[in-house]
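As the structure is a computational prediction, the values presented were derived from the model and not from experiment. Atoms considered below: every heavy atom in the structure, side chains included; atoms not considered: hydrogens, waters and symmetry mates.
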Amino acid sequence: QLELVESGGGLVQPGGSLRLSCAAFGFTPGSYAIGWFRQAPGKEREGVSCISPSGGNTDYADSVKGRFTISRDNAKNVVYLQMNSLKPEDTAVYYCAGREGYYSDYEWMATFPLKSYEYENWGQGTQVTVSS
């Protein structure tokens, strides 16, 4: 059974930092991709960042480039999202999503990994609130 569990959300002041974690259970190391998405009240879910099965390739939404960094530890089956210089508009529920079965990063790069329809498994979400 495939399961994703997020953690690390919370309340932070503008300009602060948080690190989100996504623990992947049942996924085969090196064969799955992870995307981070967020959804604010009254808004559509949007792709924030994604990482290839090897961890060697990443992508970011324009709104977070230069502030957020995605990484993964395949030995631990955990993906991280380091969020710096947080802004009130970053407030949302953050979800990690996963898709198994990639044979290589090249296969991943042929998809649209910041689009929610590319993913089959979703975590329960963690709230991030940026406020003074």
Q) E118 side chain to P113 main-chain N or O, any donor-acceptor pair under 3.5 Å? A) no

(Q) Regarding K65 and D62, does a basic nitrogen lie under 4.0 Å from an acidic carboxylate oxygen? (A) yes

Q: Could I get the full list of salt bridge (Lys or Arg N to Asp or Glu O under 4.0 Å) partners for E46, not counting sequence neighbours?
A: R38

(Q) I'd like to know if Y80 and W36 are part of one continuous hydrophobic network [Ile/Leu/Val/Met/Phe/Trp/Tyr, side-chain heavy atoms within less than 4.5 Å]. (A) no

Q. Which of these, Y103, W108, F27, sits in a side chain to side chain contact (heavy atoms under 4.5 Å, CB included) with P53?
A. W108

Q. Does CD belonging to E44 count more than 12 external heavy atoms closer than 6.0 Å?
A. no

(Q) The criterion is disulfide bond (SG atoms under 2.5 Å apart); which residues satisfy it with C50, sequence neighbours excluded? (A) none

Q. Taking all atoms of both residues into account, what is the closest heavy-atom pair of L20 and G9, and its distance?
A. CD2-N, 3.6 Å

Q | Smallest separation among heavy atoms of E107 and T111, with atom names | A | O-CG2, 3.7 Å

Q: Give, for atom CG of D59 and atom CG of L114, the distance between the pair rounded to the nearest 0.5 Å.
A: 5.0 Å

Q. Measuring from N121:CG to Q1:CD, what's the distance to the nearest 0.5 Å?
A. 9.5 Å

Q. Looking at T58 and I51, what are the two nearest heavy atoms and their distance?
A. CG2-CG1, 3.8 Å

Q) More than 12 heavy atoms of other residues, nucleotides or ligands under 6.0 Å from OH of Y117: is that the case? A) yes

Q. Okay, side chain of E6, backbone of Q124: is any donor-acceptor separation there less than 3.5 Å?
A. yes

**Q.** Minimum heavy-atom distance Y32-A24, with the two atoms named
**A.** OH-CB, 3.7 Å

Q | Cluster link V48 to Y95, ILVMFWY, side chain under 4.5 Å | A | no

Q: Establish, for the pair R67 and Y60, whether the NZ or CZ atom is under 6.0 angstrom from the six-membered ring centre and no further than 45 degrees off its axis.
A: no

(Q) Taking side-chain contact (heavy atoms from CB on, under 4.5 Å) as the definition, give me every residue that meets it alongside T129, ordered by chain and number, with sequence neighbours left out. (A) L11, T91, Q127, S131

Q. Out of curiosity, T126 OG1 to L81 CG, how far, rounded to the nearest 0.5 Å?
A. 11.0 Å

Q: Would you check if the side chain of D105 reaches a backbone N or O of S54 as a donor-acceptor pair within less than 3.5 Å?
A: yes

Q | Derivation of the side-chain contact (heavy atoms from CB on, under 4.5 Å) call for F25 and N77 | A | CA-CA 7 Å; F25 298 95; N77 259 15; over 6 Å; no

Q) Is Y94 reachable from V78 through a run of hydrophobic residues whose side-chain heavy atoms are each under 4.5 Å from the next? A) no

**Q.** Co-membership, hydrophobic cluster, residues V128 and V93, 4.5 Å side-chain
**A.** no

Q: Considering non-hydrogen atoms only, spot the tightest contact between N57 and M109 and give its length.
A: OD1-SD, 4.0 Å

Q: Give a yes or no on whether the backbone of S52 and the side-chain of R72 come within a donor-acceptor separation of less than 3.5 Å.
A: yes

Q | Matching residue for V79 among I34, L4, D73 - test: side chain to side chain contact (heavy atoms under 4.5 Å, CB included) | A | I34

(Q) Could you check whether W122 and F37 have their ring centres less than 6.0 Å apart? (A) yes

Q. Under the criterion side chain to side chain contact (heavy atoms under 4.5 Å, CB included), which of S49, S17, S71 is the partner of Q82?
A. S17

